[in-house]
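Naming: A, B, ... by sequence-line order, numbering from 1 per chain. The structure presented is a predicted model; accordingly, all values stated were derived computationally and were not measured.
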There are 2 protein chains.
Amino acid sequence: MKEVAQAAGVSTITVSRVINTPEIVKEETRNRILKVMSELQYQGNQAAKALVTKKTRVVHIFISQNIKLTNPFAMHFLAGVSDGLSERHYSFLVRREWDHPYKCDGIITMSVTADQENLIKEKFDVPVVLFGHSLPNYDWVDVDNYQGAYEMVQYLIALGHRDIGLIVINENRQFVSDRINGYKQALSDNGIPFLSERIEFAENKEDVGYIKTIELLERTTITALFCMSDELALGAIRAARLMKKNVPHDLSIAGFDGLGYERLTDPAITTVHQPVYQVGQELAKVLVERMEQPDTPLIHKMITPELRKNKSVFKANH
Amino acid sequence: MKEVAQAAGVSTITVSRVINTPEIVKEETRNRILKVMSELQYQGNQAAKALVTKKTRVVHIFISQNIKLTNPFAMHFLAGVSDGLSERHYSFLVRREWDHPYKCDGIITMSVTADQENLIKEKFDVPVVLFGHSLPNYDWVDVDNYQGAYEMVQYLIALGHRDIGLIVINENRQFVSDRINGYKQALSDNGIPFLSERIEFAENKEDVGYIKTIELLERTTITALFCMSDELALGAIRAARLMKKNVPHDLSIAGFDGLGYERLTDPAITTVHQPVYQVGQELAKVLVERMEQPDTPLIHKMITPELRKNKSVFKANH
DNA sequence: CTGAAAGCGCTTACAG
DNA sequence: CTGAAAGCGCTTACAG
């Protein structure tokens, strides 16, 4: 910077201004400095800047220990966040614990509990944006789980289904109750009673989906089955095959997630696509906005998932 | 730091030593300072440290523009790198272009060409570790593509197959020729002639795998087909079904990658699992080693992929 | 084993 | 619109 200043015949302060607030430098001076900067291939020293501005340009991503980084959901999320932050020249790292020797400018959390959310806000004095939020007084970006489930069930009903089973992921989290409510509301809007015998609760695994589907098929006369994940739906398809039910003609099966796996089965699964990558990008964008303009009012961004019609769902066979 | 020094009755220099070279501080003094540090919840200022040590603790990942971040290979890679760097308290970002306003301590590249590798080495004066390397005089971590292909073809031959087709990804890259060589060597070691009519070249897409498999089945009498990716293998399975060939009884189909998709088809695909996540972790480890100990001799780490036997391959049906 | 002094490369008030 | 001075919080030789 000193070299640039010397070569351009100005002080370092003016060079600094060209970088940070170019509009207050006379155009002529500014151009001369810019020219010298590119000639000398000037690269700013972020550390020096950080020392005085207290900005690190580093973001920490909190992902709770019990989510494996290799699960598709986490990977899409991470890829999206990575893309969104990288293009804005912020670097980041993933934290799984509370301890960390270095500071950051902002935090993104994925699926942490309300308690953890408050702890983070309290412990770190930097902006926080949530994905899978539990509390309202934070910035967050989320997927509209209610709407996704509602649309799927509406679609099934429109195809003539009235006996519609539901396999619920048995986790005590917001997205689960949102999806249940979407299911209920769609039934209610169409005058179909909600029967608890059509509901099963399952750990989010293929083989649990398999078992629960067998139980449902033995107990009820459902013509369509809505699973809260594609993984569960995969198990459901396998179970239907075992029970000699043709999918989709004897039993329509729908899933949730749409992260790519759904297209590989035969039949491909009709699902609610969660744009997790895009959510990651949005989280990055919102956090950068908040970091660079702290006074922005609370940002809440709900992203509507997309119904993806495939071959696992068909008209009801009356 | 000044506060800590004052409270412990020493100079800041000694505090600095406790952090960086604790062994040269008298034990008594050291313990006193450590106690004060934890009492005062001292958090070092990385920016100040960076300013004087010229270390940013930021790594840049170069991924060429034509690889989408949402493809499973890239996502596993990124997740692994993320894990490896994060646990060592390095942050990172993904670069897709040459321009960038900030400096970094080290670079990891994924699948860039020899020209780009040299350009990076020349342009940036920091350690570089390669994945999918083209040049020998760099640190790299890689998957042994030759060995993976060799083992798969050996396995097919052991099951009695002699007419083994191959669908090659038509990209001019090292991993492609390595896999072709593995295929050739396995044939040759078993006295089976290499026939070019059993080879097809294909863009790495499901529907191209589908088309090329049909051509192979019309032209040859293969009993097994080795595809250079699971995506191609998916297309191959679909083609076999069209041609009324039972998989695996009439035609065994094998793939490459093993990133999760292979288990969702019916039958699940026998494949060569590339541990891309683990490769990512290794890359991070090697780079950190290199950054922290620049004099380490060149590091070349070849990771052997794993043959995963599933239902898409069976004994030859003579 | 410990400390006084200088300096890393920027930005922030404050003047002019 | 531009500049002189001070300072951000550390570490690096150099002494002792």
Side-chain angles (χ1 to χ4, degrees), chain A residues 1-38 40-58 89-91 100-105 125-126 291-292 294, chain B residues 1-37 40-58 89-90 100-105 125-126 291-292 294:
Chain A
M1 188 146 156
K2 215 158 43 176
E3 288 174 37
V4 173
Q6 210 157 10
V10 295
S11 74
T12 58
I13 307 175
T14 309
V15 179
S16 170
R17 289 205 184 95
V18 168
I19 294 164
N20 297 301
T21 49
E23 64 282 3
I24 70 165
V25 178
K26 210 206 304 181
E27 187 170 349
E28 190 194 318
T29 321
R30 191 199 318 150
N31 290 337
R32 182 154 38 95
I33 294 174
L34 285 171
K35 185 150 160 275
V36 173
M37 280 172 61
S38 76
L40 266 54
Q41 301 202 43
Y42 169 74
Q43 268 206 301
N45 182 319
Q46 174 57 20
K49 187 169 186 166
L51 181 57
V52 48
T53 59
K54 315 279 182 211
K55 296 295 175 205
T56 61
R57 297 197 79 84
V58 174
H89 308 304
Y90 281 84
S91 74
H100 194 86
Y102 302 113
K103 290 176 177 163
C104 63
D105 287 357
D125 190 26
V126 295
M291 291 188 300
E292 296 181 353
Chain B
M1 188 145 156
K2 217 161 34 179
E3 289 173 37
V4 173
Q6 212 156 8
V10 295
S11 73
T12 59
I13 306 174
T14 308
V15 179
S16 170
R17 288 206 185 96
V18 168
I19 294 164
N20 298 300
T21 49
E23 64 281 3
I24 71 167
V25 179
K26 210 208 302 179
E27 188 169 348
E28 189 196 318
T29 322
R30 193 200 315 151
N31 290 336
R32 182 156 38 97
I33 294 174
L34 285 171
K35 185 149 161 278
V36 173
M37 280 172 61
L40 267 54
Q41 301 202 41
Y42 170 74
Q43 266 206 304
N45 181 319
Q46 174 57 20
K49 187 170 187 165
L51 180 57
V52 49
T53 59
K54 316 281 184 211
K55 296 296 173 202
T56 60
R57 295 197 79 84
V58 175
H89 308 306
Y90 281 83
H100 194 85
Y102 302 113
K103 289 175 180 165
C104 63
D105 287 358
D125 190 27
V126 295
M291 291 188 300
E292 297 182 352

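Taking the side chain as every heavy atom from C-beta outward, B/V10 and B/R32 approach each other to under 4.5 Å. The closest side-chain heavy-atom distance from B/H89 to A/H100 is below 4.5 Å.
DNA chain C forms stems at C:1-3 with D:14-16, C:5-12 with D:5-12, C:14-16 with D:1-3, each a run of 3 or more consecutive Watson-Crick or G-U wobble pairs whose two key distances fall under 3.5 Å.
Between the side chain of B/D105 and the backbone N or O of B/T56, at least one donor-acceptor pair lies under 3.5 Å.
Environment of CD in A/E3: sparse, with no more than 12 heavy atoms of neighbouring residues, nucleotides or ligands closer than 6.0 Å. Atom CD of B/Q6 sits in a sparse spot, with 12 or fewer heavy atoms from other residues, nucleotides or ligands closer than 6.0 Å.
Atom CD1 of A/I33 is separated from atom CD of A/E28 by 10.5 Å, given to the nearest 0.5 angstrom. For the atom pair CE of B/M1 and CG of B/L40, the computed distance is 13.5 Å after rounding to the nearest 0.5 Å.
For residues 17-27 of chain B, the pairs satisfying side chain to side chain donor-acceptor pair (under 3.5 Å) are B/S16-B/N20, B/N20-B/K49, with sequence neighbours left out.
For the pair B/K55 NZ and D/dT12 C1', the computed distance is 15 Å after rounding to whole Å. Atom C1' of nucleotide C/dC1 and atom CZ of B/R32 are separated by 12 Å, given to the nearest angstrom.
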Listing time: all N or O pairs from protein to nucleotides 8-11 of chain C that are below 3.5 Å?
unit_1: C/dC8; atom_1: O3'; unit_2: B/K54; atom_2: NZ; d: 2.7
unit_1: C/dG9; atom_1: OP1; unit_2: B/K54; atom_2: NZ; d: 3.2
unit_1: C/dG9; atom_1: N2; unit_2: A/A48; atom_2: O; d: 3.4
unit_1: C/dC10; atom_1: OP1; unit_2: A/Y42; atom_2: OH; d: 3.0
unit_1: C/dC10; atom_1: OP1; unit_2: A/N45; atom_2: N; d: 3.4
unit_1: C/dC10; atom_1: O5'; unit_2: A/Y42; atom_2: OH; d: 3.2
unit_1: C/dT11; atom_1: OP1; unit_2: A/N20; atom_2: ND2; d: 2.6
unit_1: C/dT11; atom_1: OP2; unit_2: A/S16; atom_2: OG; d: 2.3

